[in-house]
Amino acid sequence: MGTCEPFRICRNTWVIPQLEEAPPVGCFFLNSAVITGAEPVVIDTGTPVNRTRWLEHLGSIVDPTDVRWIFISHDDVDHAGNLAPLMELCPKAIVLTSWFAVGRMVSTDGIDLPMNRIRFVNDGDEVDIGDRKLRALLPPIFDNPTTRGVFDPSTGFYWAADCFGAPVPGFVPEADDVPAADWREGFLMLHRMLSPWHTMLDHRRYGAAVVDRLQALPITTVASAHGPVVRGSRITDGFRMLRELPHTGAYQPFTQHDLQSWIDTASTVGPIDAATA
Ligand SMILES: [Fe+2]
Ligand SMILES: [Fe+2]
């Protein structure tokens with residue numbers, strides 16, 4: 001399902017989508033983004049399984065030799081999975097990352113990250129990209145300790161990494177086009193899965209530490225790796241749900257009983273076990 005095309009979400013800002021089926025809840029995006037300003041920025045790098053298509057999509061938005069910055073929100077493979085080939089294609093690009101993320105990528109992926117092509121960008125840091133200054137900002141919910149989102153004050157665009165995601169019924173790029181009840185259910189499900197420690201949060205400290213700070217910004221457009229683009233009143237709704245999380249119970253994962261029922265259903269269609277095929 002990775003055939004959907006890149007789309008512009010606000011001035012100089014594009015999403016490169018990838019869509020994967022995730023039965024029985026629908027589909028999940030595995031997005032990345034590009035800012036095509038004076039010094040183009042690639043934000044996250046897609047997945048290795050979609051590498052050829054992702055690189056084609058990137059090339060349809062910007063000449064890779066013009067790319068000056070590669071912002072890695074965190075080192076999960078669905079965000080940093082094409083970093084190595086991207087660095088080769090973008091010889092002028094500096095990787096915006098962190099010491100911890102570099103260590104994790106070098107030691108587990110074996111990626112070559114020369115020090116003169118890295119800049120450490122921690123939560124709250126700004127990066128001057130010629131015609132604007134981007135600011136790295138922690139999203140309220142994340143699944144990896146190296147995570148930082150990024151805010152573009154010139155457009156009000158915020159890249160939320162894994163936060164603000166939700167399943168979709170198909171290629172539905174705008175959250176406004178997902179029925180509100182479905183979006184709410186999927187949004188809460190994904191955030192409870194991503195950060196199972198939500199049940200341990202002091203809601204006042206969590207709200208003041210990360211939600212207030214982000215919501216105070218003039219954000220107009222939220223894009224994330226795993227959901228449709230969020231705008232307008234849906235941004236307010238999203239922040240409200242993020243504040244609800246400490247009060248929601250633990251996510252109840254699918255069980256072996258669920259898996260067996262899926263196997264039983266599939267076996268009525270045809271053999272699924274190689275030994276019986
Ligand atoms: Fe992640
Ligand atoms: Fe992710």
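Counting starts at 1 for both ligands and their atoms, following the listed order.
Below the 2.8 Å limit, the Fe ion (ligand 1) has as protein N, O or S neighbours H74 NE2, D76 OD2, D143 OD1, D143 OD2, D162 OD2.
Annotation for C163 and P140: closest pair SG-CD, 3.9 Å, computed over non-hydrogen atoms.
Aromatic ring centres of H191 and H226: separated by at least 6.0 Å.
More than 12 heavy atoms of other residues, nucleotides or ligands shown are found within 6.0 angstrom of CH2 on W197. Within a 6.0 Å radius of CD in E174, other residues, nucleotides and ligands contribute more than 12 heavy atoms.
Of the options T13, I35, V150, a side-chain contact (heavy atoms from CB on, under 4.5 Å) to W159 is made by V150 and by none of the others.
Under the 30°/60° scheme for interplanar angles, the aromatic rings of F164 and F239 are found to stand perpendicular.
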